[in-house]
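Report on the following structure.
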Amino acid sequence: MKKIKALQTLQSSGKKIFTSADLQKILQTKSDAYSYIVSGNLVKEGVLERVSKGYYILTSNRPSDFEIANTLYRPSYISLASALVFYGIMIQSPQQIISVTTKRATSIKNGGKIFSFFQISPKYFTDYQVVDNFLIATPEKALVDMMFAVALGRASLSVEELNLQSIDKNKVNELASKIKNKAFKNYYQKIKIQINSI
């Protein structure tokens, strides 16, 4: 398939992120093997970029960093400092795009950026929502996830610098009470009053 025709066909699909199955269906390739060859050629020609195994994006209509993060490592959702900045709770923007995952913690470099994934237990993989085509923690869960990372020594946080006016403090306490980790419980008890007073 010619580059221009393939580009037009993919653009008209309205999608930004494609699985191998998507490409095979949209480009109407007859077999998995031929679809692999076609997608490989489109990557070489700069039409597509392979962001993860079996996932591609259009270079001419690049998804947001948060959408890419969701795709690079699954299951995951945007959280911690990245989500807190997104909601206007934290001012200082992190140098990485940070997500949580139930899989092993890792960092992935893609497009000159670093995507970091913080591991949590499946039972704490909750309270996220879809915003602008990506999964992101609710404001309260992003704060709890951040405190969890701080308690484990994997992040730092200055509570007095946070803008918590839009935060539901009762929801934060409810989410925090579900985490049974001892280090988190000790840390939360120390800053609970400070958070509730802001």
Side-chain angles (χ1 to χ4, degrees), residues 15-17 19 51-52 55 63-108 110 113-198:
K15 297 175 69 71
K16 292 182 180 179
I17 300 174
T19 63
V51 294
S52 185
Y55 290 92
S64 69
D65 288 337
F66 286 0
E67 289 176 87
I68 292 173
N70 283 178
T71 303
L72 284 174
Y73 207 56
R74 299 183 180 224
S76 67
Y77 61 80
I78 303 296
S79 192
L80 286 86
S82 292
L84 294 175
V85 170
F86 176 80
Y87 290 122
I89 296 167
M90 181 182 286
I91 297 174
Q92 188 174 1
S93 184
Q95 296 179 337
Q96 304 176 7
I97 295 89
I98 309 168
S99 305
V100 298
T101 180
T102 56
K103 295 169 67 176
R104 181 177 57 85
T106 189
S107 290
I108 300 172
N110 180 273
K113 297 179 180 179
I114 299 175
F115 296 80
S116 295
F117 298 86
F118 173 71
Q119 183 184 34
I120 61 172
S121 168
K123 61 186 175 183
Y124 303 140
F125 195 83
T126 62
D127 292 83
Y128 52 88
Q129 58 192 352
V130 178
V131 177
D132 296 335
N133 297 319
F134 55 82
L135 293 177
I136 185 169
T138 62
E140 293 77 15
K141 185 56 161 55
L143 180 59
V144 171
D145 285 344
M146 183 71 179
M147 292 188 291
F148 198 0
V150 171
L152 298 180
R154 295 173 191 167
S156 59
L157 178 67
S158 297
V159 177
E160 61 275 7
E161 295 179 4
L162 300 178
N163 176 11
L164 300 178
Q165 301 306 314
S166 62
I167 285 283
D168 182 339
K169 310 289 179 59
N170 291 330
K171 184 64 176 178
V172 171
N173 290 329
E174 177 189 332
L175 289 169
S177 69
K178 295 178 181 179
I179 297 180
K180 306 304 180 185
N181 180 276
K182 186 176 180 181
F184 174 82
K185 284 187 172 297
N186 290 338
Y187 175 76
Y188 189 64
Q189 284 303 315
K190 291 179 183 177
I191 66 167
K192 182 178 179 180
I193 296 175
Q194 189 179 1
I195 287 176
N196 289 333
S197 66
I198 293 177

Quiz prompt | Residue pairs, two or more places apart or on separate chains, that pass side-chain hydrogen bond (donor to acceptor under 3.5 Å, both in side chains) and touch residues 189-198 | solution =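 Found E160-Q194.
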Quiz item: How would you list, by chain and number, every residue that makes a side chain to side chain donor-acceptor pair (under 3.5 Å) with Q129, sequence neighbours excluded?
Solution: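 Scan of Q129 (side chain to side chain donor-acceptor pair (under 3.5 Å), adjacent residues dropped) gives Y87.
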Got a list of side-chain donor-acceptor pairs under 3.5 Å for residues 93-103, not counting sequence neighbours?
unit_1, atom_1, unit_2, atom_2, d
Q96, OE1, S116, OG, 2.1
T101, OG1, P75, O, 2.7
T101, OG1, K103, N, 3.0
K103, NZ, R74, O, 3.3

Drop me the distance from [X]'s [atom1] to [Y]'s [atom2], to the nearest 0.5 angstrom.
X	Y	atom1	atom2	value
N133	E67	CG	CD	5.0 Å
L152	M147	CG	CE	12.5 Å
I179	F148	CD1	CZ	5.0 Å
L143	I167	CG	CD1	5.5 Å
I91	E161	CD1	CD	7.5 Å
F115	S76	CZ	OG	10.5 Å

Quiz item: Would F134 and F86 count as a close aromatic pair, with their ring centres under 6.0 Å?
Solution: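 Yes, the ring of F134 comes within the 6.0 Å limit of the ring of F86, centre to centre.
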Quiz item: Taking the side chain as C-beta and beyond, is there a heavy-atom pair between K171 and T138 under 4.5 Å?
Solution: no
Quiz item: Just wondering, do L162 and L157 contact through their side chains at under 4.5 Å, heavy atoms?
Solution: yes
Quiz item: Going by distance alone, is a donor N or O of one side chain under 3.5 Å from an acceptor N or O of the other, for D145 and Y77?
Solution: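 On atom types as modelled, these side chains qualify, holding a pair under 3.5 Å.
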Quiz prompt | Main-chain N/O of S52 paired with Y73 side-chain donor or acceptor, under 3.5 Å | solution = no
